[in-house]
Amino acid sequence: MVTALEKSNYMSKKWYFYSSIAFVVILFGSGFKPYNFENLNWLSQTESDEVFHFTVPTATELEYRNVIFPQTGKTYAGFKQALAFKESQGKYHLVNSFGYMGKYQFGMGTLRTIGVRDSLQFLRSPALQERAFNALAAINKWELRKEIEQYEGQVIQGVAITESGLLAAAHLGGAGSVKKFLRSNGQRSIKDGFGTSIKSYIQKFGGYDTSPIITNKNARVK
């Protein structure tokens with residue numbers, strides 16, 4: 001038979017045991033700080049009928065580093081994204097040492113030909129920059145329509161010729177420079193002020209789907 005004293009001692013030992021466990025848990029838990037995750041709410045993903053939609057960052061948000069952006073593959077959107085990253089790392093507000101501006105690095109002379117007169121407005125408006133790119137791409141595609149038909153699928157100086165590659169090269173150095181490269185069988189590979197060649201753009205941006213670009217020699221920014 002258990003006496004009242006023995007029962008009291010048993011309950012005391014049990015209380016000390018569980019109190020010790022609680023103390024150890026609290027002690028270890030206090031040594032760790034919770035990691036605060038930063039919410040980059042401009043990089044979000046929602047699902048609707050198995051279709052994923054991604055929001056687009058502003059120019060300021062593009063200053064973040066070490067962020068992996070959604071990939072868009074070889075689509076026209078992917079073409080624009082890849083070219084923009086090469087030109088400016090996707091920064092709408094960037095002006096380089098030669099005075100080329102924005103996400104796609106336009107010169108003021110080119111902007112005037114597509115109807116843009118105000119450089120400050122251009123730098124402040126991502127939507128205007130996107131429309132400017134589309135307009136110039138439409139003009140370049142019209143300028144190179146014969147070359148695309150004639151040379152697409154050929155290999156020149158080890159580089160496969162594709163429509164997207166030619167359009168990217170035209171964005172770099174103009175449609176005239178692309179024509180010289182093709183007609184000289186790659187012997188004339190013009191470079192920009194940083195030493196980037198027409199040939200390298202044809203190679204780097206080959207194989208994208210640029211069919212959404214409609215040829216239009218009179219394309220203007222609206």
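Note that the structure is predicted; figures quoted are calculated from it, not measured.
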Just jot down the side-chain contact (heavy atoms from CB on, under 4.5 Å) partners of Arg145, sequence neighbours excluded, or say none.
Trp142

How would you list all residue pairs meeting salt bridge (charged side-chain N to carboxylate O under 4.0 Å, His left out) that involve residues 160-171, not counting sequence neighbours?
Lys141-Glu163

If you draw a 6.0 Å radius around NZ in Lys191, do more than 12 non-hydrogen atoms from other residues or ligands fall strictly inside?
no

Enumerate donor-acceptor pairs with a distance under 3.5 Å from any side-chain N or O in residues 164-179 to protein atoms, sequence neighbours excluded.
from	atom 1	to	atom 2	distance (Å)
Ser164	OG	Thr162	OG1	3.4
Ser164	OG	Phe205	O	2.7
Ser164	OG	Gly207	N	3.1
Ser164	OG	Tyr208	N	3.0
His171	NE2	Tyr104	O	2.7
Ser177	OG	Gly173	O	2.9
Lys179	NZ	Glu143	O	3.3

Does Phe133 belong to the same Ile/Leu/Val/Met/Phe/Trp/Tyr cluster as Val116, with side-chain heavy atoms less than 4.5 Å apart forming each link?
yes

Quick one: salt bridge (Lys or Arg N to Asp or Glu O under 4.0 Å) partners of Arg183, sequence neighbours excluded?
Glu147

State the CD-CG distance between Gln129 and Asn134, to the nearest 0.5 angstrom.
12.0 Å

Give a yes or no on whether Arg220 atom CZ has more than 12 heavy-atom contacts from other residues, nucleotides or ligands under 6.0 Å away.
yes

Excluding Val155, membership of its hydrophobic cluster (Ile, Leu, Val, Met, Phe, Trp, Tyr; side-chain heavy atoms within less than 4.5 Å) reads none

By side-chain contact (heavy atoms from CB on, under 4.5 Å), which residues pair with Arg112, not counting sequence neighbours?
Met108, Arg117

Please list every donor-acceptor pair under 3.5 Å in which a side-chain atom of residues 95-102 meets a protein atom from a residue at least two apart or in another chain.
from	atom 1	to	atom 2	distance (Å)
Asn96	OD1	Phe98	N	2.8
Asn96	OD1	Gly99	N	3.0
Asn96	OD1	Tyr100	N	2.9
Asn96	ND2	Gln105	OE1	3.1

Quick check: closest heavy atoms across Val221 and Leu128, and the distance to 0.1 Å?
CG1-CD1, 3.2 Å

Would you give the length of the straight line joining atom OG1 of Thr75 to atom CD of Gln81, rounded to the nearest 0.5 angstrom?
8.5 Å

For Glu149, which residues count as a side-chain contact (heavy atoms from CB on, under 4.5 Å) partner, sequence neighbours excluded?
none

Between Phe181 and Gln187, does the side chain to side chain contact (heavy atoms under 4.5 Å, CB included) criterion hold? Intermediate values first, please.
CA-CA 7 Å; Phe181 173 84; Gln187 297 301 313; over 6 Å; no

So salt bridge (charged side-chain N to carboxylate O under 4.0 Å, His left out) across residues 192-218, not counting sequence neighbours, yields none

If you define the side chain from C-beta out and look only at heavy atoms, does anything of Ile156 sit under 4.5 Å from Tyr151?
yes

Just grab all the ring-ring contact (aromatic ring centres under 6.0 Å, His included) pairs involving residues 111-130, residues at least two apart or on different chains.
Phe106-Phe122

Mind checking the CD1-CD1 spacing from Ile213 to Ile139? Nearest 0.5 Å is all I need.
12.0 Å

Distance (rounded to the nearest 0.5 Å) between Thr210 OG1 and Lys74 NZ
11.0 Å

Sort and list the pairs that fulfil salt bridge (charged side-chain N to carboxylate O under 4.0 Å, His left out) and have at least one residue in residues 121-136, not counting sequence neighbours.
Lys80-Glu130, Lys103-Glu130

Pairwise distance CG(Leu111) to CG(Asp118) - rounded to 0.5 angstrom:
10.5 Å

Within this structure, what is the CD1-CD distance for the pair Ile161 and Gln203, rounded to the nearest 0.5 Å?
9.5 Å

